[in-house]
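What follows is a single structure, written as structure tokens, with notes after it.
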Amino acid sequence: MKHTANFAIAVVFLLLFTGSVRAEVEESPSLTIQDSNFWIIESIDQTTSSPNGNSTVSDGDYVRISMEVYNNVDLSINGSWELKVLSNGIWHTSMFQNESWLPYETKSPEITIGPMVEGTISMMFEVKTFDPSLNISVTKDIRVAPNPIIFSSAGDSVIAITGEPAYVGDKLTGSILVKNQGEVEGTVFLRLTHDESSTSYYGQNVTISPGSSREVSVNFEFPTPGMKEFRWDVISSIGGVSLELNGSHNLIIMPQQQVHSGINSLAWTISSGIELEYWVSLSDGPSREIEISIGEYQAGLFTELQSFPMKLDQGVRNLDFNIPNPDSNLDRIRITISPLDWTSGQIADLFVELTRPQPIIQITSCTQTPEIVDIHETVSLECIFTNIGNSDSLPGDITIMRVSDGMLYDEAGKKSISISTGESKVISTSIQEWQNEGSTPLQVRYSSGATLTTGNITIQANQVPSEGFKLPFDTTAALLGAVSGVVIMMVALVLWRVATERTPSTVTESKPSISRIEKRRESDKIEVSCPTCSQRLSIPGGHVGRVRCPACTNSFEVGVKNNPAVEGSSIEIEEQVEKENVTEEKFLNSSSDSDILSCPSCEQLLKVPLEKRPIMSRCPACRTEFKALRGD
């Protein structure tokens with residue numbers, strides 16, 4: 001039994017030792033393939049299988065590839081290696097060979113492939129063993145240059161980046177100068193590839209004539225910060241791009257610049273309107289262009305007031321905005337900041353809530369000094385004005401009005417009185433020569449813009465003592481008035497006499513003016529009666545012949561026919577008499593037995609001498625023309 005137990009222990013120990021050895025072998029890699037950056041790739045002459053001395057692989061070349069494979073364990077390994085080429089997304093086996101490795105042995109397989117085709121050739125070298133979990137592989141890309149080369153670098157074979165230092169969201173530009181050394185015109189463009197984000201950027205096609213050089217560029221940006229490694233290459237539709245027109249580049253992208261804003265102060269007063277001070281800041285980095293838009297809301301409707309661009313430097317910038325005469329319905333203001341041609345983090349709009357200013361003026365008390373005023377004495381008023389509103393008042397006027405008839409005491413008014421918010425202001429005024437007895441209600445008025453405030457006070461005055469009989473007027477003024485009236489009456493009387501003695505003209509407008517002597521001669525006429533109707537007619541004193549009565553149209557003889565010539569003119573005289581009597585009928589007449597007679601229109605008495613009658617006269621009072629006649 002003792003030997004049996006010892007044997008069992010020995011078997012268990014052997015199994016444990018074997019398992020531990022196998023575990024160590026499985027945990028460490030059995031074979032290792034050399035890093036692809038250290039592979040040997042040579043262009044060879046196909047006829048001699050020797051290197052042809054070219055540093056690059058061109059279209060149509062054969063290449064020899066050599067790499068090392070290490071056995072890392074103290075065991076012999078049997079397996080195989082295989083070289084595959086990627087074509088249209090599928091790996092195709094180009095060469096296969098079985099291989100075995102002794103413990104810690106290194107082998108260097110040499111593989112020849114060709115002819116190569118212009119472009120990028122992706123290859124994979126894979127080693128397989130008896131255990132599939134131990135299989136290993138390494139991939140490598142080989143750039144194959146065109147043959148012949150048409151496009152090459154016209155300067156340094158390094159891409160130039162414009163826009164550094166670069167921040168997240170910045171638009172960058174990569175460019176390189178390309179020369180066409182071929183014999184035909186061709187089109188090329190620049191491509192950037194960022195493998196980490198699987199993003200590619202393509203530039204515009206650029207046509208290059210033979211012998212010319214042009215810049216080829218591409219615009220790109222990165223949405224995240226950090227170190228960015230990307231590949232670039234120039235691509236042509238006709239091929240022939242030199243291998244020097246490709247490479248890689250590292251670029252540091254800084255965190256995105258931030259724009260912030262805020263309100264420093266806000267004031268809305270009746271006198272100055274809205275005065276807003278705000279600030280805008282830019283985080284570390286270069287200067288940036290922004291646009292600021294400011295608008296207002298009225299009853300929920302937005303209206304843009306102004307919009308302007310500006311250059312914002314790193315740090316804080318203070319700005320201000322004024323609305324001299326804002327609408328009373330304005331309830332808030334919005335300020336929007338937008339980046340121009342760059343990307344910033346989200347910029348929150350500034351909303352400024354507004355409260356309309358409203359001064360509320362109260363007249364809390366009014367007192368008079370003295371408490372009871374005497375007539376013709378000066379009374380002083382002292383009133384307390386308090387502003388309990390949320391805004392200073394505009395300069396206003398204070399007036400004192402008598403309630404009974406609305407009379408204003410101009411000398412008691414005050415101009416341009418302004419009362420600040422929360423202020424109680426004592427304002428004194430006075431009324432000279434107080435004239436009212438007893439109680440007189442007054443109204444104190446404060447007017448400022450749309451604000452009107454009133455207060456009441458009753459002035460108490462003593463009664464005027466009785467002084468006996470006293471004329472209700474100034475005797476000196478009455479005496480001067482009486483003297484002035486007498487003088488005016490005398491002057492008026494003289495003018496009236498002059499006017500009444502003048503004899504108004506009886507000549508019609510169509511006749512030329514004649515002298516007073518001629519008028520008197522013409523007025524020496526005689527009166528005759530019509531034998532038919534007894535109408536009294538006025539005819540020239542020397543007239544002899546027939547006369548026609550204008551009333552009954554009867555013709556009759558007057559005077560004696562001593563001169564035949566007179567008969568010949570009797571008809572003319574008759575017509576003249578008729579015209580004169582018709583003219584006379586057009587005028588009013590007045591008669592009296594004395595030099596004084598009355599106007600037939602207004603009964604004004606005037607003097608017309610009897611010896612001058614009958615005569616045409618004019619009333620100096622009503623300007624009526626009438627015929628002055630002798631009394632019967």
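Sequential numbering from 1 along the given sequence is applied to the chain's residues.
Atom CD of Glu183 has 12 or fewer heavy atoms from other residues, nucleotides or ligands within 6.0 Å. Around CG of Leu177, the count of heavy atoms belonging to other residues, nucleotides or ligands within 6.0 Å exceeds 12. The neighbour count for Phe308 CZ, taken as heavy atoms of other residues, nucleotides or ligands under 6.0 Å away, is above 12. Summarising the local packing, CG of Asn98 is surrounded by more than 12 heavy atoms from other residues, nucleotides or ligands at distances under 6.0 Å. By the 6.0 Å contact criterion, CG on Asn318 is enclosed, its count of non-hydrogen atoms from other residues, nucleotides or ligands being greater than 12. Other residues, nucleotides and ligands contribute at most 12 non-hydrogen atoms within 6.0 Å of the CG atom of Asn88. The environment of Gln204 atom CD is sparse: at most 12 non-hydrogen atoms of other residues, nucleotides or ligands sit within 6.0 angstrom. The environment of Lys84 atom NZ is dense: over 12 non-hydrogen atoms of other residues, nucleotides or ligands sit within 6.0 angstrom.
Between Glu296 and Arg332, none of the side-chain N atoms (NZ, or NE/NH1/NH2) sits under 4.0 Å from a carboxylate O, so this pair counts as no salt bridge. The residues Lys107 and Glu68 are annotated as not salt-bridged, no charged nitrogen and carboxylate oxygen being separated by less than 4.0 angstrom. Using a 4.0 Å cut-off between a side-chain N of Lys or Arg and a carboxylate O of Asp or Glu, Asp170 and Arg288 qualify as a salt bridge. Arg231 and Asp195 are joined by a salt bridge, as a carboxylate oxygen and a charged side-chain nitrogen come within less than 4.0 angstrom of each other.
Just one residue in the list Thr269, Asn387, Thr453, Asp392 forms a side-chain contact (heavy atoms from CB on, under 4.5 Å) with Pro359, and that residue is Asn387. Between Phe220 and the choices Tyr202, Trp232, Phe230, the ring pair (Phe, Tyr, Trp, His ring centres under 6.0 Å) rule is met once, by Phe230.
Inspection of the Ser242 and Ser152 side chains reveals no N or O donor paired with an N or O acceptor under 3.5 Å. Side-chain N/O atoms of Asp284 and Gln314 include a donor and acceptor closer than 3.5 Å. Counting only N and O atoms by type, the side chains of Ser283 and Gln257 include no donor and acceptor under 3.5 Å apart. No side-chain donor-acceptor contact under 3.5 Å links Ser212 and Asn180. Using modelled atom types, one finds no donor on one side chain facing an acceptor on the other under 3.5 Å when comparing Thr129 with Asp131. Asn219 and Thr173 share a side-chain donor-acceptor pair at under 3.5 Å. Side-chain atoms of Ser157 and Glu244 include a donor-acceptor pair closer than 3.5 Å.
We find the CD1-CZ distance between Ile333 and Phe321 to be 5.5 Å, quoted to the nearest 0.5 Å. Considering OG1 of Thr207 and CZ of Arg214, their distance stands at 7.0 Å, rounded to 0.5 Å. For the atom pair Ile419 CD1 and Phe385 CZ, the distance stands at 6.5 Å (nearest 0.5 Å). Within the model, atoms CZ of Arg445 and CG of Leu452 stand 5.0 Å from one another, a figure rounded to the nearest 0.5 Å. Rounding to the nearest 0.5 Å gives a distance of 12.0 Å between CZ of Arg64 and CD1 of Ile111. Rounding to the nearest 0.5 Å places OG of Ser344 at 9.5 Å from CD of Gln346.
For the residue pair Leu102 and Asn71, the shortest heavy atom distance occurs at O-ND2, 2.6 Å. Nearest heavy atoms, Val188 versus Ser236: CG1-CB, 3.6 Å. Pairing each heavy atom of Ile235 with each of Val241, the nearest pair is C-CG2, 4.4 Å. Between Ile263 and Val352, the closest heavy-atom pair is CD1-CG2, 3.7 Å. In terms of heavy-atom proximity, Ile337 sits nearest to Ser261 at CD1-CB, 3.6 Å. Of all heavy-atom pairs spanning Ser418 and Ser393, the tightest one is OG-O, 3.0 Å.
Taking the side chain as every heavy atom from C-beta outward, Ile253 and Thr224 never approach each other to under 4.5 Å. Side-chain contact check for Asn246 versus Thr120: every heavy-atom pair is 4.5 Å or farther apart. Between Ile427 and Lys425, the closest side-chain pair of non-hydrogen atoms falls below 4.5 Å. Between Lys228 and Ile252 the shortest side-chain heavy-atom distance does not fall below 4.5 Å. The shortest distance between side-chain heavy atoms of Val85 and Trp91 does not fall below 4.5 Å. Counting only heavy atoms from C-beta outward, the side chains of Val63 and Ile121 never approach each other to under 4.5 Å. The side-chain heavy atoms of Ile136 and Leu31, taken from C-beta on, include a pair separated by under 4.5 Å. Looking only at side-chain heavy atoms (C-beta outward), Ile347 and Pro339 come within less than 4.5 Å of each other.
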Between Val69 and Thr32, is the side-chain contact (heavy atoms from CB on, under 4.5 Å) condition met? List the steps. CA-CA 6 Å; Val69 180; Thr32 303; over 6 Å; no
Does the side-chain contact (heavy atoms from CB on, under 4.5 Å) test come out yes or no for Glu229 and His249, once each step is laid out? CA-CA 6 Å; Glu229 181 179 0; His249 190 87; over 6 Å; no
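Relative ring orientation between Phe222 and Tyr201 is described as perpendicular, the plane-to-plane angle rising above 60° on a 0-90° scale split at 30° and 60°. Taking the six-membered ring where tryptophan is involved, the planes of Trp39 and Phe125 are perpendicular, since the angle between them exceeds 60° and thus also 30°.
The closest donor-acceptor contact from the side chain of Tyr167 to the backbone of Pro225 lies at 3.5 Å or more, if one exists at all.
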